[in-house]
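Here is the naming used below: chain letters follow the sequence lines, and residue numbers restart at 1 for every chain.
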Amino acid sequence: MEQDYIPCEIEQKWQKIWDDTKVFQPEPDEREKFFITIPYPYLNGNLHAGHTRTFTIGDVIARYKRMQGYNVLFPMGFHVTGTPIVGLAELIANRDPQTMKVYSELHGIPIDILDTLVTPERIVEYFSKEAEKDMRSIGYSIDWRRKFTTTDPTYKKFIEWQFNLLYEKGLIVKGSHPVKWCPNDNNPVEDHDILHGEEATIVDYTLIKFEYNGIILPCATLRPETIFGVTNLWINPDIEHVKIKVEKNGKKEEWIVSREAYNKLTFTDRKIEFIENVPAASLIGIKVKNPLTGNYVITLPASFVKGENGSGIVMSVPAHAPFDYLALKDLYGQDLSNYGIKEDLRNIKLISLIEAKEFGEYPAVEAVQQLGVKDQNDPKAEEATKIVYRREFHGGVLKENTGKYAGMAVSKIKEVLTKDLINQGIGEVFYEFSEPVVCRCGTPCVVNMVEGQWFLNYSNPEWKDKVYRCIEKMDIIPEEYRVEFNNKVDWLKDKACARKKGLGTHLPFDNQWLIESLGDSTIYMTYYITNKFFARGIGPEHLTPKLFDYVLLGKGSLQKTAADTGLDEELIAQMKKDMDYWYPVDLRSSGKDLVPNHLLFFLFHHVAIFEEDKWPRSIAVNGFVSLEGQKMSKSKGPLLTLRTAVNKYGADISRLYILSSAEQTQDADWRNSGVEAAKKQVERFYSFAREIIEAGAVCGMCGELKLIDKWMLSRLQQRIRETNKDMLALRTRSALQNAFYLLLNDIKWYQKRGGSNLLYDILDTWVRLMAPFIPHVCEEIWHAMGHRGDDIVSLAPYPIFNPELIDKNAELAEELVDNTLEDIEEIIKVTKMTPKKVVLYTSPTWKKRIFQTALKMQSENELNGGVLIKKLMSDPANRTYGKDIPKFVQKIVSDINSMKMERLEMFAGYELDELEILRENKIFFEKEFGCPVEIYSADDPSYDPENKSKFAVPMRPAIYIE
RNA sequence: GCGAGGGUUGCCCAGUUGGUCAAAGGCGCCAGACUUAAGAUCUGGUAUCGAAGGAUUUCGUGGGUUCAAAUCCCACCCCUCGCACCA
């Protein structure tokens, strides 16, 4: 080994050896397989610290499983379908200043090359090469024979096959959906096209059609159930209203709405025709029919109604809506005769329809009174509304007067009721933004219905049921995410799966559309298996649907498939054999951002296409990476690329750092000071190994073992046990704590206590323990230890826990020494004295006996202070210490009571000769404190000037210092 | 608003089947060793009080359960992320 640790030399050397010897190119054999996949990266930039984290976790698992004896397949591909790469090519072609800056400086692309990346194809070619180079440089154990890019002609054949299959199964349907739309550009707006209102979401209101002389006055509401409590409608006399002709699904109606609402309606899936302006005054004071109850209610003037919200006409539910109540109250006693309203509005009776435990009959009235809201223009009215809505939504139940809906929870009613209203022709859905959205061009956006769109029918309940079943059977790591997955399945609606722009595969049954990029990356893990064969030169012309049917699903016959594809039977049989061997996916590990999209679709498509035995077995998710506390951004910075990290620190240090800096789901923060610390640790590991090897250390297990050796072995076993336990749960941080940091502390103590026999054995285990995490330096050490040829550490057996090497007495003995050491130090610190002599007194025999007796009683589950004291007192031999016994017993009993199981097991059969142990370590103590040390038993102290020996108890000797 | 996650000692971050938890590890800081010196490295210390191994107050806030709470229960406050046709 070299004197100094030089990462890049070691790393390049071993990467070449791994590649040359093809150790990570698995083929089916008799071993158990483990198929791990990480979502391939989307290549609109170089790989960054986020990728580094996710992929490194995957690689560590792959390496760990391999060392455990599994036949591990860990493949990788590149995702390029979709629009961002097309957009990036345009930006580069246009020399967009920010893009040029970010991609040259942060992504590290030489400017002369960047200048050439002006088409999507060139971008894909460039980044896929770079990404592979990067992943190799950090030592991922990927089988590169299987790589592909999602625009490969053969991959497109695979996607076409899949979408035809889904179409045949009726899982792809045609429909319309609402999008954010700029009327000026006549195009959908994406998030980066928005000037303000990025936060806006599309909210679905229910439109309820009140009727007046055959004309519809639609009211938009988020709470359609309140239709049962409507006492009147609100019309703002100061805004413009229009009468329009509305045609939807062939049904023609005449509506009256605000002018703004008319404008919005023209973008919906309705045909709209303007008829005439309608003076607001003519709309006030009329009687309109509640379409559900058939009751007639009056229309009244209100200033709080805004033309741009909803339809511009509002239904009034004063029992539950503070604004409605306030507006109504404001009209009490007012002269409304100019609207032709003569009746006394006090006669309008509030209608309560929701039972909520926080409120009585009229929640709106109570809230208004509690908050002291003055009128409809008081800002506190908003707050009152929120309070009432929130409480009613959570805990509210519908009352008897809602007919067949009585007893239903308010939180569940909206969907059901809206559907019923639509079916009866008296309701519709109306989409609106949660806040105003303005396009970059300055135009206010609208919700537009895109028609004739293709959807993946994820809302299909049978499909969802299968996914639930799949999740139930899977391991979700960490387990807390299971509920998240189930929630998201529940929440998922139909998803538009085709677009007009971007890279990708055309929909086979409707060629003008491109398959959306999340849809084409759901079951591609099978493609790694088949692509090993395709990549040897099988062209797309051979990849007929029958081939995929046979290889992936086992449908059809070998002969017919061969005839259909023109491929050899033997080759096809081999593909199928590989598929049957490797599938299903044992673990898909990914960043947590993919939970509500990719990982969900991954499950949906698997359950739709494959039989249950091919469903994924487990999913793991990990957190993000930030940079010195700042969020990273590919397009704006800050950004740390994988390459920058590896160039600066090396592969092993980057790996160790990213894995140890945060636990699985926690977000990690990449900090320079942290990497520097990791660097120090790896260097320390390296020089520890070098010193041992250069000293010519050999296996010490066969020689005679001292107590400290037994202690070391015992601790080592515990670290092995914990590391394996952590790896099983993918807790890489905790695994490293055990396999590296804690073990390092143990080794320090071992050496401090004069241990030396087992250094070679420790190293042998330690290198294997660390190999999945920092493989290059471990290979280097393993080689230096004399392993040659095929005997590389990447394929060496991972250490397993050996319970026979656990030695409780050795651990207790060291604990005694450590306790004593710390107590002496503490006394010196407090008294600030320089010791001239230290005297130790071990526990007297009677205390040890009592301790043992108490432990025994505890193990028989009958530890009781009183009983113990009586028992002791009855023994004449104990009379001498009679008055000390109760106090000591009390202490012992409470100590033992507060011990955990593990601790009690540790003490089970406690039989330590403390005097002997301390005497053996006399020289150690003398060295530590630089003065003579005398050791006595408290039974028989020949020197005890201050009578300290009486404080001696088991595991804590009494101390006298002068 | 809905859903999920989180608030720990100067900072980052462990620890939640309740009990060696004043609480791991790292950073920072302090002291010592080494060095001509600095750096690097190594050793020790780092809540408060204490001239004897102890005591006291801490784990977002306020209550509660328990012999015992960072850990369990209730309420509240604050922070981060997702909410879709975008990868």
Need one value for K900(A): base, sugar-phosphate or nothing, where a base atom within 4.0 Å counts as base even if backbone is also close, heavy atoms only. sugar-phosphate
Are the side chains of F485(A) and L599(A) in contact, using a 4.5 Å heavy-atom criterion? yes
Determine the interatomic distance between C1' on G60(B) and the same-named atom on U8(B); round to the nearest Å. 10 Å
In this structure, are over 12 heavy atoms from other groups packed under 6.0 Å from K501(A) atom NZ? no
From CG of D669(A) across to C1' of U80(B) the rounded distance in Å is 13 Å
Quote, to the nearest angstrom, the C1' distance that separates U16(B) from G5(B). 15 Å
Pair E722(A) + K725(A), salt bridge at N-O below 4.0 Å: yes
May I ask you to say what E484(A) touches in the nucleic acid, namely base, sugar-phosphate or nothing, with a heavy-atom cut-off under 4.0 Å? sugar-phosphate
Validate the cation-pi geometry between K752(A) and W749(A): distance from NZ or CZ to the six-membered ring centre under 6.0 Å, angle to the ring axis within 45°. no
Whole-Å distance between C83(B) P and I202(A) CD1? 13 Å
NZ (K679(A)) with more than 12 external heavy atoms under 6.0 Å: no
If you measure from the C1' atom in A4(B) to the same atom in A14(B), how many Å do you get, rounded? 22 Å
Students often get this wrong, so: under 4.0 angstrom with heavy atoms, is L594(A) touching a base, only sugar-phosphate, or nothing? nothing
Do the side-chain N or O atoms of T83(A) get closer than 4.0 angstrom to the phosphate oxygens (OP1, OP2) of A87(B)? yes
Whole angstroms only, please: what is the CD-C1' distance between Q453(A) and A84(B)? 13 Å
Nearest-neighbour nucleotide for the E826(A) side chain, A87(B), G50(B), G82(B) considered: G50(B)
Given atom CG of L600(A) and atom P of C83(B), what is their separation to the nearest angstrom? 13 Å
Measure from the side-chain heavy atoms of Q666(A) and tell me the nearest of G44(B), G6(B), C12(B). G6(B)
When you compare C42(B) with A47(B), how far apart are their P atoms, in angstrom units rounded to a whole number? 22 Å
Identify whether NZ of Lys or CZ of Arg in K592(A) sits under 6.0 Å from the centre of the six-membered ring of F624(A) and within 45° of that ring's axis. yes
On the ring face of F602(A), is R588(A) found with NZ or CZ under 6.0 Å from the centre and within 45° of the axis? yes
Can you measure E822(A) atom CD to G45(B) atom P for me and round it to whole angstrom units? 8 Å
Using atom CH2 of W749(A) as one end and atom P of U43(B) as the other, report the distance to the nearest whole Å. 14 Å
Dump the pairs, protein N or O against N or O of nucleotides 23-25 of chain B, anything under 3.5 Å, distances to one decimal.
residue : atom : partner : partner atom : Å
A24(B)  : N1   : R733(A) : NH2          : 3.4

Can you tell if the side chain of Y205(A) reaches within under 4.5 Å of the side chain of V429(A), non-hydrogen atoms only? no
Residues passing the side chain to side chain donor-acceptor pair (under 3.5 Å) test with K495(A), sequence neighbours excluded, are none
For U71(B) and A23(B), measure between their C1' atoms and round to the nearest Å. 12 Å
Measure the distance from CD on E676(A) to P on A40(B) and round it to the nearest whole Å. 10 Å
For D818(A), report the nucleic acid contact type (base, sugar-phosphate, nothing); a contact means any heavy atom under 4.0 Å. nothing
So what does H79(A) touch, heavy atoms closer than 4.0 Å: a base, only the sugar-phosphate, or nothing? sugar-phosphate
May I ask you to verify if any side-chain N or O of R684(A) is less than 4.0 angstrom from the OP1 or OP2 atom of C42(B)? yes
Think S517(A) has a side-chain N or O under 4.0 angstrom from the OP1 or OP2 of A87(B)? yes
Which part of the nucleic acid, if any, lies within contact of G82(A), taking any heavy atom under 4.0 Å across all strands shown: a base, the sugar-phosphate backbone alone, or nothing? sugar-phosphate
Determine whether P120(A) and I123(A) make a side-chain contact, defined as any pair of heavy atoms from C-beta on separated by less than 4.5 Å. no
Under 4.0 Å, counting only non-hydrogen atoms across every strand here, what does N597(A) touch: a base, just sugar-phosphate, or nothing? base
Taking atom P in both U46(B) and G25(B), compute the distance separating them and give it to the nearest angstrom. 11 Å
Kindly check if the number of other-residue, nucleotide or ligand heavy atoms within 6.0 Å of CD (Q890(A)) is above 12? no
Give E825(A) one of three labels, base, sugar-phosphate or nothing, depending on what nucleic acid heavy atoms sit under 4.0 Å from its own. nothing
Residues, nucleotides or ligands: over 12 heavy atoms within 6.0 Å of E479(A) CD: yes
Heavy-atom neighbours of K837(A) NZ exceed 12 at 6.0 Å: yes
Nearest heavy atom decides the nucleotide; on that basis, is K493(A) or T820(A) closer to the 5' end of RNA chain B? T820(A)
Could you walk me through whether N622(A) and T54(A) pass the side chain to side chain donor-acceptor pair (under 3.5 Å) test, one step at a time? CA-CA 7 Å; N622(A) 58 264; T54(A) 303; 3.2 Å; yes
On a whole-Å scale, what distance lies between the P atoms belonging to A70(B) and U58(B)? 10 Å
Partner set under ring-ring contact (aromatic ring centres under 6.0 Å, His included) for Y910(A), not counting sequence neighbours: F851(A), F907(A)
Residue closer to the 5' end of RNA chain B, V830(A) versus Y481(A) (nearest nucleotide): Y481(A)
Rounded to whole angstroms, how far apart are CD on E902(A) and P on C21(B)? 12 Å
Using a cut-off of strictly less than 4.0 Å between a heavy atom of the residue and any atom of RNA chain B, enumerate the qualifying residues of residues 949-962 of chain A by number. F951(A), R956(A), P957(A), A958(A), I959(A), Y960(A), I961(A)
Using 4.0 Å as the upper bound for N to carboxylate O, is an ion pair formed by K891(A) and D895(A)? yes
Under 3.5 Å, which protein N or O atoms sit close to an N or O of nucleotides 28-35 of chain B? Give each pair with its distance.
none

Taking atom P in both C79(B) and C30(B), what distance in whole Å separates the two? 35 Å
Show me the dot-bracket string of RNA chain B, counting Watson-Crick or G-U pairs under 3.5 Å, with | for pairs to another strand and [ ] for crossing ones. ((((((((.[[[..)...(.....]]]((((((.......))))))(((....)))...[[[[[..)....]]]]])))))))....
So what does K501(A) touch, heavy atoms closer than 4.0 Å: a base, only the sugar-phosphate, or nothing? nothing
Can you confirm whether T206(A) sits close enough to R223(A) that some side-chain heavy atom of one is under 4.5 Å from a side-chain heavy atom of the other? no
